[in-house]
Colleague: 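Below: one structure in C-alpha cells.
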Number of protein chains: 2
Amino acid sequence: MTLDERKKRILWAIIQDYIATAEPVGSRTLARKYKLGVSSATVRNEMADLEEMGFLEQPHTSAGRVPSHRGYRFYVDHLMQPEKLQDSEKELVRVSFETKVKMISEVIQRTGQLLTQLSSYTAMVVSPCASRTRLRHIQLVPMSRGQAMLLVVLEPGIVQHRMMELPPDLTVGDLEMISRVVNEKIKGSQMSDLKLTIIREIYAELLRHKSLVAMMMDLIEDSSRSKEDRIYLGGIFNILNEPEFNNVERVKTLLGILEQEELICNILNDQDQPGVNVRIGSEISCEDIKDCSMIGANYEVDGQRIGSIAVLGPTRMQYAKAISVVEYLTANLNEIMSKMYRS
Amino acid sequence: MTLDERKKRILWAIIQDYIATAEPVGSRTLARKYKLGVSSATVRNEMADLEEMGFLEQPHTSAGRVPSHRGYRFYVDHLMQPEKLQDSEKELVRVSFETKVKMISEVIQRTGQLLTQLSSYTAMVVSPCASRTRLRHIQLVPMSRGQAMLLVVLEPGIVQHRMMELPPDLTVGDLEMISRVVNEKIKGSQMSDLKLTIIREIYAELLRHKSLVAMMMDLIEDSSRSKEDRIYLGGIFNILNEPEFNNVERVKTLLGILEQEELICNILNDQDQPGVNVRIGSEISCEDIKDCSMIGANYEVDGQRIGSIAVLGPTRMQYAKAISVVEYLTANLNEIMSKMYRS
DNA sequence: ATTAGCACTCTCACGAGGTGAGTGCTAACT
DNA sequence: AGTTAGCACTCACCTCGTGAGAGTGCTAAT
C-alpha cells in the first residue's frame with residue numbers, strides 16, 4: 001500500500017486543511033489553495049482513488065472529502081512532521097516547573113495545566129501508581145484516644161494514610177516502638193516479599209502486639225495495592241471549542257466517560273510502547289469516544305514507568321503540535337521526577 | 001409583602017409545575033391540573049398580580065409565566081416543604097458509609113457520589129481545610145541520598161508531605177532525633193503559636209541543625225497554610241440532562257467555572273449560617289452562574305467547621321428534595337467525621 | 001495522462017403560511 | 001366587588017417549497 005508522491009501531497013493537503021477548518025474539503029479549493037499545479041479535475045480523480053483506498057470519506061455525495069481514521073493514521077505515520085514548540089512556550093514550561101514544587105501532586109497538576117494550555121485540548125495525567133514498589137517507611141501516629149494514623153511511604157514518594165482502631169491498653173511509647181521495629185524489618189523490601197519471611201520476624205519480635213501488627217500489615221498491603229492513582233483532568237472546557245462538540249449529546253457522552261476515573265486510568269495505563277503514543281478513533285479501546293484521538297506517553301524514573309500523561313481531542317486534531325507538546329512535557333517530567341526521587 | 005392564601009396556592013402550583021416540566025405555565029392548564037376551583041380567567045388575573053409583585057416573569061407576551069428568582073426565594077422560604085428521603089435512599093447512604101472507610105479522601109468521594117446520585121445534580125465537596133488547626137505530628141523520612149520527605153499531620157487528620165534537600169553530612173539517626181525533638185516541642189500547639197516561643201526553644205536544642213530546622217519550619221507553615229483543599233466534583237454529566245443545558249454555550253460557561261477549583265472553594269466556603277443554605281441565582285456571588293442555584297451546608301467536628309458540601313443545579317431545581325438530601329448527608333458526615341477524629 | 005465542460009446531487013438558508021397555546025380586556029353574571 | 005365567558009390578538013414553532021452554492025462524476029477534447 002504505497003502512494004505516489006502526488007497522492008501523498010494531496011492527502012497531506014486535505015488533512016491539513018480539514019484540521020484547520022473542520023469543513024469537508026473540495027477539489028477546487030484544494031487545487032487553488034495549495035498550489036498543486038494541476039487542475040481540480042485531476043485532483044478529483046486522485047481523491048476518488050484515495051477514497052477507494054480507504055483514506056478519505058464522503059459525508060454525502062456532493063460534499064467535499066473528509067479524512068478517515070486510516071487517513072489520519074497514514075498522516076501521522078508518514079506525512080506529518082512534528083511542529084517544534086515556540087521558544088516562548090518552552091519558556092512557559094521552564095517557569096512553571098522552576099518555582100520550587102515540593103509535592104508530587106503539585107507537579108501533576110502543573111503538568112496537566114501546561115498540557116491543556118499548550119495543546120488546547122483536554123489533558124489527563126495519572127500519578128504514580130503504587131503497586132509493585134518498595135516500602136520506604138511506615139509510621140504510627142497517635143491521634144485521639146484509641147486511634148492512630150498509619151502513614152505509609154512508598155518508593156517513588158507516594159504517601160498514603162489510614163486510620164486504625166487501637167487496643168485500649170497501648171501507650172504512645174508502644175506505638176513508637178512498633179513503628180521502629182517494623183521499619184527496621186521492612187526497610188527496602190518489595191511489597192511481594194512482605195507476606196512470607198518478614199512478617200514472621202516481626203511477629204516474633206512483637207508477640208505482645210500480634211493482633212495490632214496483623215492489622216497494620218493488612219492496611220499496608222491494602223494501601224500499596226490501592227488503585228487510587230491520583231488523576232488530573234483539565235481543559236474539558238477547552239475541547240468544547242472544537243466544532244465537533246457543538247452538539248450537546250456528544251458533550252454528554254464525553255463527560256460521561258471523563259467522569260469514570262477508573263476507565264480513564266485504564267485507558268491511560270494501556271500504553272506499552274515507549275515514547276509518544278498516538279491512538280486514533282477506535283484505536284482507543286472505548287466505544288464512546290471513537291471520534292476522538294488520544295496522544296499519550298509514559299513518564300518514568302530510572303527506566304521504571306511510574307505514570308502517564310495524555311491529551312484527548314477530536315480525531316481532527318493538530319497532531320503535529322500535540323505530539324510535540326506531549327513529548328516535551330514527558331521529557332521534562334522525567335527529569336523532574338528523577339531529580340525528586342533519585343535513588 | 002404578604003400574599004393571600006389563593007395567591008400562595010397559585011404561586012406554589014406554578015413553581016411546582018415549572019420545576020416538573022421546564023415549560024412556561026399557562027392559566028388554563030394550571031387551573032385544570034391543580035384543581036384550583038376557579039376559572040382560568042381568575043387565575044390569569046392573579047398571575048398578572050404576581051408578576052407585578054415580582055414573583056413571576058414572562059419570557060414573551062403570550063407565553064406562560066416562569067418563576068423569577070424572587071419567586072423561588074418565596075417558595076423556598078414559605079411554600080415548600082422538604083421532601084423526606086425514601087427508606088431505600090437512606091439505606092443506600094447507610095451501606096455506602098458502612099463499608100469500612102479508612103481515609104478522609106474516601107469519605108469525601110463517597111459523599112460526593114451519594115450527593116449526585118440522590119439529587120441528580122452536580123455535587124461539590126471540599127475537604128477539611130488546614131488553616132487554623134493544630135499540629136499533630138511531624139516526621140522526617142530519609143529518602144534518597146541528600147533528600148528527605150517531611151510528613152506533616154494536622155489536627156483533623158490531614159496529611160501533607162514535602163520533599164526537602166538535606167545538608168550532606170546528616171545521618172539517619174540525626175533525622176530521627178530531629179523529628180523526636182520537634183515533635184515533643186510542638187505537641188498540640190496552634191499553628192499561630194509556632195512562630196514565637198516554640199521555634200526558639202527548638203533552635204536552642206538543635207543548634208547544630210539550625211538551618212535545617214529553619215527550612216522545616218518554613219515547610220510546615222507552608223503546608224498548614226496551603227489552600228490545597230481537596231475538592232470533589234461529580235455528576236457534571238448529570239446536570240446536562242436538564243433542558244436548560246441544551247445549549248452548548250451554557251455548558252461551556254458552566255464547565256469554565258467548575259474548572260476553577262479555587263473559585264469553587266471560595267464559593268463553597270462562603271457559607272456562614274449554620275444548617276442548610278440555599279442560594280438562588282445571583283445570590284451565588286458569581287456572575288456566570290446566575291441561572292443556577294446552589295444548596296450547601298458545612299460539616300463539622302466538635303462544633304468546628306471543617307468543610308462543606310453542596311449541590312449545584314438550575315434555578316429550576318427540585319429544592320424540596322435537594323435540601324433534604326444535603327441535610328441528611330451533612331448529618332451523616334458530621335457523625336462519621338466525629339467518629340474518625342473524636343478527640 | 002490531463003483538463004475543460006456540463007449535468008446532476010445534496011445541503012443549507014430563507015420566507016410564507018398555518019397552528020396552537022397563551023394573554024389582556026371587556027362585558028355579563030352572581 | 002369578585003368571578004367568569006368570550007373574543008381578538010400575539011408570538012413561537014413547525015413545515016414546506018424554493019433557490020443558491022459547493023461539489024461531484026463523467027465525457028470528450030487536448
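Just so we're on the same page: letters track the sequence lines, and every chain starts at 1.
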Colleague: In whole angstrom, what separates A:E23's CD from C:dT11's P?
Modeller: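 For the pair A:E23 CD and C:dT11 P, the rounded distance is 15 Å.
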Colleague: Base, backbone or nothing for each nucleotide of nucleotides 1-12 of chain D, written B, S, -, heavy atoms under 4.0 angstrom, 5' to 3'?
Modeller: --SBBB---BBS
Colleague: Could you check how far CD of A:Q58 sits from C1' of D:dT24, rounded to whole Å?
Modeller: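 Rounded to the whole Å, the gap is 7 Å.
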Colleague: Quick one: salt bridge (Lys or Arg N to Asp or Glu O under 4.0 Å) partners of B:E57, sequence neighbours excluded?
Modeller: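 In terms of salt bridge (Lys or Arg N to Asp or Glu O under 4.0 Å), with neighbours along the sequence ignored, B:E57 is linked to no residue.
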Colleague: According to salt bridge (Lys or Arg N to Asp or Glu O under 4.0 Å), does anything in residues 38-51 of chain A pair up with another residue at least two apart or in another chain? List the pairs.
Modeller: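 Every salt bridge (Lys or Arg N to Asp or Glu O under 4.0 Å) pair that includes a residue of residues 38-51 of chain A, provided the two are not neighbours, is A:R6-A:E46, A:K7-A:E46, A:K7-A:D49, A:E51-A:R65.
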Colleague: Just how far, in rounded Å, is P of D:dG23 from NZ of A:K33?
Modeller: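 Distance check: A:K33 NZ to D:dG23 P gives 10 Å.
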Colleague: So, using salt bridge (Lys or Arg N to Asp or Glu O under 4.0 Å) as the criterion, who are the partners of B:D272 when residues are at least two apart?
Modeller: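 Residues passing salt bridge (Lys or Arg N to Asp or Glu O under 4.0 Å) with B:D272: none at all.
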Colleague: Does a side-chain N or O of B:R65 approach OP1 or OP2 of C:dT23 to a distance below 4.0 Å, or not?
Modeller: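 It does, given that an N or O in the side chain of B:R65 lies less than 4.0 Å from OP1 or OP2 of C:dT23.
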Colleague: Among A:I10, A:L36, A:V43, which residue meets the side chain to side chain contact (heavy atoms under 4.5 Å, CB included) test with A:S27?
Modeller: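 Testing A:S27 for a side chain to side chain contact (heavy atoms under 4.5 Å, CB included) against A:I10, A:L36, A:V43 leaves exactly one candidate, A:V43.
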Colleague: Could you write out each protein N or O paired with an N or O of nucleotides 14-18 of chain D at a distance under 3.5 Å?
Modeller:
none

Colleague: Mind checking salt bridge (Lys or Arg N to Asp or Glu O under 4.0 Å) for B:D87 and listing every partner two or more places apart, or none if nothing turns up?
Modeller: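 Listed in chain order: nothing, the list is empty.
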Colleague: Applying ring pair (Phe, Tyr, Trp, His ring centres under 6.0 Å), name anything that partners B:Y121, two or more places apart in sequence or on another chain.
Modeller: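 Applying ring pair (Phe, Tyr, Trp, His ring centres under 6.0 Å) to B:Y121 gives none.
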Colleague: For residues 23-39 of chain B, pull every pair meeting salt bridge (Lys or Arg N to Asp or Glu O under 4.0 Å), keeping only residues two or more places apart or in separate chains.
Modeller: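 Found B:D17-B:K33.
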Colleague: So does B:S27 get a side-chain nitrogen or oxygen closer than 4.0 Å to the phosphate oxygens (OP1/OP2) of C:dT23?
Modeller: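 Yes, such a contact exists.
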Colleague: Sequence neighbours left out, cut at 3.5 Å: what donor-acceptor pairs do the side chains of residues 248-257 of chain B make with other protein atoms?
Modeller:
{"unit_1": "B:R250", "atom_1": "NE", "unit_2": "B:D291", "atom_2": "OD2", "d": "3.2"}
{"unit_1": "B:R250", "atom_1": "NH1", "unit_2": "B:E244", "atom_2": "O", "d": "3.2"}
{"unit_1": "B:K252", "atom_1": "NZ", "unit_2": "A:N241", "atom_2": "OD1", "d": "3.1"}
{"unit_1": "B:T253", "atom_1": "OG1", "unit_2": "B:E249", "atom_2": "O", "d": "3.3"}
{"unit_1": "B:T253", "atom_1": "OG1", "unit_2": "B:R250", "atom_2": "O", "d": "2.9"}

